[in-house]
J.: 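Can you read through this structure? Questions will come right after.
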Amino acid sequence: MPSDGVADEFVSRGTLGDRDGEALIAVRRQRIPAIQSRTTLPRSLLPPAWLVRVEQLPPPYQRAAVEALADQHFDELVLLSEADAARLGVLFARSPTKAVAVATRALRRQGPWLGAFLRGFLSASPDYAAVMRYAASAWRGAGFKADALPKLDARDRRRLLEELAGLGDSNAFDMLERELVSIKGDPHALALGASGFRRAGIGCVTVLATHEDRQPAADVAVGLVEGLCAVRKYGDLDTALAAVNPRTVPVEVVLAFLMTAKRVREHLPAYGGLVSRLEAAMRVRKRIDVADIIPLLR
Amino acid sequence: MHTVAIDTIPVAEVLALFIGEPSVGQRHIGLAYRPRRAAPLRFLHLAWHKNLRDDATLGSRYRGVMVAAVPRALHETIVAHCKRSAKADLDPQHLEYGLGYPRATIRRDGSTDVMIVENASGLTCATFVLAIFKLAGRELVDTVSWKDRDGDVEWKANVVAFLTESLPEASERVVKLRADKDLVRVRPEDVAGAATASAHPVGFDVATAAGDSILSEL
């Protein structure tokens, strides 16, 4: 009988629960509209000079500088415009521990820029699980009780996941895929979910495709095709294929789209065009495997 | 040489097969893949009925087989499908061990992403590997050209007897398993041999010739 004789080990990947997501949504809800910021905080129209100076430093020195200046200029931080707060978040992504401390202090003061700060942080460090931990930690650190968190509705959760996935967080993309295929009996919700999933997936692939490791982008490409096929949203899948640019996306990732979509290509007018664009891009790059690969796709 | 020591599989290679003879006359095959660039290999294989494994280590009796014939640029796609199976098909265990691959349809469930095997009583370790390639868009072997060899009829009879010994005679699974006994067997070494060939899908003669060479190296 079949037998393996190998050691027993399987490590499953853990994910954070919804409560942490609620913390981030909660702090984001404290943002005030940009127009209100400009009306009440005119001095924030110009970024503080120290923030500009820190941005001009070479990256290895930015962390120390921003950490030193954050305490010194904390009152100014609370007066930052949303745009400047987002710039600050980008800098603080180099120093997550300090970012939590600053976010905690700001939450105690109900700082209106905190959502923008976290958005900037996310754009520089798009890691869903980590940012959820930071947000939850700041929430608790500011003395708020867990049961005081606003409830996270499905729409907010989906938008948060779409935003994170679009920034290159493949964990968030996986969660979006699970949410998409679980939508039952609501055509409007399914249409919304599929289009958001498609946009987030293309964004995620675009970010991950710049990495040296092709695997994460290929995983997301396969997930995007499988997810849209599972809910039979071939129009969204066709739009996604049309958006893939083989001149900038690595061959391995374009192939992940095409090989997985091949079985439903009769529903996808954009399939043939993407194959042709891939072939042209491979010839430009003088890839010697073009003759092996292109026939597999037709 | 068609095989390599597992620990000599280059870090740059994200996909290989592994094959071994864990007991006399009993071969076993699975997929070795790197979930991320330069990460340690993981070993995905159907060990037995409802016992899919995604292991971090492998016994010393196994050898690696490089997947030479599928273009290298496709390996990430195949690895993506390995990862999806490791996520969806392990918990709960649901993949049935069985026969009948030549007429099977392989797909993933739209809601749960689990691998669905239709028109066949299940998969073997060898046909599980074929199923992963199929999900990634590649048929590794041309089963139309396959033939049974000495020992295959007895092997299939033993498998069916073992799998059905505690089941009611008239159960649907017993009926399906017995019906699939008449279909050809694709052996582990056939799949390993096909992976080393130069054009796909690989026919019986090419795959079995390469498979015999691989067996001689175990």
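All values below were derived from every heavy atom in this structure, side-chain atoms included, with hydrogens, water molecules and symmetry-related copies excluded.
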J.: Kindly say whether Glu76(B) contributes a backbone atom to a donor-acceptor pair with the side chain of Gln215(A) at under 3.5 angstrom?
T.: yes
J.: Checking Arg72(B) against chain A: side chain, backbone, both or neither under 4.5 Å from a heavy atom?
T.: neither
J.: Just how far is it from atom CG of Asp113(B) to atom CD of Glu226(A), taken to the nearest 0.5 Å?
T.: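 Between Asp113(B) CG and Glu226(A) CD, I get 6.5 Å after rounding to 0.5 Å.
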J.: If I compare all heavy atoms of Glu252(A) with all of Thr77(B), which pair ends up nearest, and what's the gap?
T.: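 Residues Glu252(A) and Thr77(B), closest heavy atoms: O-OG1, 4.1 Å.
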J.: Given heavy-atom pairs under 4.5 angstrom as the criterion, report whether the side chain, backbone, both or neither of Pro35(B) touches chain A.
T.: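 Interface part for Pro35(B): backbone (N, CA, C, O).
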J.: If you count heavy-atom pairs under 4.5 Å between each of Ala73(B), Gly137(B), Pro71(B), Ala136(B) and chain A, which one has the most?
T.: Ala73(B)
J.: Answer yes or no: is there a donor N or O on one side and an acceptor on the other, between the side chain of Asp213(A) and the main chain of Arg36(B), under 3.5 Å?
T.: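 Such a contact is absent between Asp213(A) side chain and Arg36(B) backbone.
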J.: With a 4.5 Å heavy-atom cut-off (strictly below), which parts of residues 285-298 of chain A touch chain B? List them by number.
T.: Arg287(A), Asp289(A), Asp292(A), Ile293(A), Leu296(A)
J.: Looking only at heavy atoms, which two atoms of Ala218(A) and Ala80(B) are closest? And how far apart?
T.: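 Looks like O-CB, 4.3 Å.
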J.: Taking every heavy-atom pair that is under 4.5 Å apart, which of Glu212(A), Arg263(A), His211(A) has the most such pairs with chain B?
T.: Glu212(A)
J.: Checking His49(B) against chain A: side chain, backbone, both or neither under 4.5 Å from a heavy atom?
T.: neither
J.: Is Arg84(B) paired with Asp219(A) through a side-chain N to carboxylate O contact shorter than 4.0 Å?
T.: no
J.: Please flag which part of Glu177(A) lies under 4.5 Å from any non-hydrogen atom of chain B: side chain, backbone, both or neither.
T.: side chain
J.: Is it true that atom CD of Glu118(B) has more than 12 heavy atoms of other residues, nucleotides or ligands lying nearer than 6.0 Å?
T.: yes
